[in-house]
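Note sheet for the following structure.
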Amino acid sequence: MSVISDLPILILGYNRFEKFNRCIRTVQKQGIKKVYVSIDGPKNDYDLSVQKKIIDFCSNDNLGMNIKIKSLKKNYGCRNGPIKGISWFFKENKFGVVLEDDVLVSKKCMELFSSLLEENFSNKNFMSISSFNEFTNNKIESLYSASVFRSWGWASWADRWQMHLELSRKIRNLSIWQIYNLLPKEFRLIETAEIIKSSQLNLLDAWDYEFNFSHIVNNKKSLTIGGINNYVYGFDNSATHTVNIENIGINFELFCEREIDTSKILNIERGKDIATLAKCGFPKIINKNILHLIKDILKSKFYSLIFYLRIIKKIMYKNF
């Protein structure tokens, strides 16, 4: 593979033409030629018009890239839409980089993605590669092994994504308590199982919790690049989940083209790993006793009841 010109990139889009335009033009300037675009289906006429604009823009030859487009006819939402796009991407490529339409990563990060994907193709210890670790900010950064991946600019391999899909299918009909017991003891929280079950039932419209769950249950790591090597510019009213950057505690103004020391891979410090887990919805539990276990059992029953009531409400709402 040349530096990054043959590196496959997937951009997940929807109805934000200006943000998509900024993302794909940045990728173009970095010298990337192999681009895939997945667009979730429209909810209304406005979405349809913006998506037509994105598709027409990508179909133009003036970008000088090989762009393949998957345009979904139905709106699948923030969970199933990305899953369908990412699965299509990894059927076409043995590895690659995934960006949402409001995410940029540095050129040096792209180059590093390219080499790390090749070098770790057979290294099953890593399930993904993450573009940032906000707990460090050095001129020359390191590589870290972290417990979970970060979804704002990441890369992976087709077989690792397939491993995730297989686990998702396997646990689809499990109860909250059964999902809870799949977690290693140091990660075992009923709230974590509740998040996973919420995602499976489409009560929580997000896909990335489940991929992180796959990292933990399969005992895999995310190869994480130190420092802020990405820039996210979608924190506004067009965002689905996070409209205010102040709520996330990450300073993307530190984004720059930094050098990375690839000579060794460090274990991220325990406190920083716990903080990363917490930000991704997976706080780490220490020294759980019998009282905690009883509380978790009672909570699992309560959450299960709430789920059933929410599903019944959702079905009744659709019938009206």
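Values below: every heavy atom of this structure, side chains too, minus hydrogens, waters and symmetry copies.
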Could you list the residues that satisfy side-chain hydrogen bond (donor to acceptor under 3.5 Å, both in side chains) with [X], not counting sequence neighbours?
| X | answer |
| --- | --- |
| Lys220 | none |
| Asn80 | none |
| Tyr144 | none |
| Asp101 | Arg16 |

Below 4.0 angstrom, N of the basic side chain to O of the carboxylate: do [X] and [Y] qualify?
| X | Y | value |
| --- | --- | --- |
| Glu259 | Lys108 | yes |
| Glu100 | Lys19 | no |
| Lys107 | Glu257 | no |

* To do: Quick one: do Tyr36 and Trp88 satisfy ring-ring contact (aromatic ring centres under 6.0 Å, His included)? Show the steps, please.
  => CA-CA 9 Å; Tyr36 293 73; Trp88 163 67; 5.4 Å; yes

* Parallel, tilted or perpendicular for Phe255 and Tyr231, by the 30°/60° rule? ->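 Phe255 and Tyr231: tilted rings.
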
* To do: Look at the aromatic rings of Trp207 and Phe149 and report parallel, tilted or perpendicular, splitting at 30° and 60°.
  =>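 Because their plane-to-plane angle lies in the 30° to 60° range, the rings of Trp207 and Phe149 count as tilted.
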
* Lys197 side chain vs Arg172 backbone, donor-acceptor pair below 3.5 Å ->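 Answer holds: yes.
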
Enumerate donor-acceptor pairs with a distance under 3.5 Å from any side-chain N or O in residues 124-133 to protein atoms, sequence neighbours excluded.
from   : atom 1 : to     : atom 2 : distance (Å)
Lys124 : NZ     : Asp159 : OD2    : 2.2
Asn125 : ND2    : Asn123 : OD1    : 3.2
Ser128 : OG     : His215 : NE2    : 2.8
Ser128 : OG     : Ser222 : OG     : 2.9
Ser130 : OG     : Arg150 : N      : 3.0
Ser130 : OG     : Ser222 : OG     : 2.7
Ser131 : OG     : Trp152 : O      : 3.0
Ser131 : OG     : Gly153 : O      : 2.8
Asn133 : OD1    : Phe135 : N      : 3.1

Answer with yes or no whether the side chains of [Y] and [X] bring together a donor and an acceptor at under 3.5 Å.
| X | Y | value |
| --- | --- | --- |
| Asn138 | Thr136 | no |
| Glu194 | Ser198 | yes |
| Lys34 | Asn93 | yes |

* Asked: Phe95 and Phe90: aromatic ring centres closer than 6.0 Å?
  ->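 Centroid distance Phe95-Phe90: not below 6.0 Å, so no.
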
Identify each donor-acceptor pair in which a side-chain atom of residues 161-168 lies under 3.5 Å from a protein atom, sequence neighbours left out, and give them as a table.
from   : atom 1 : to     : atom 2 : distance (Å)
Trp161 : NE1    : Ser87  : OG     : 3.0
His164 : ND1    : Ser214 : OG     : 2.6
Ser168 : OG     : His164 : O      : 3.1

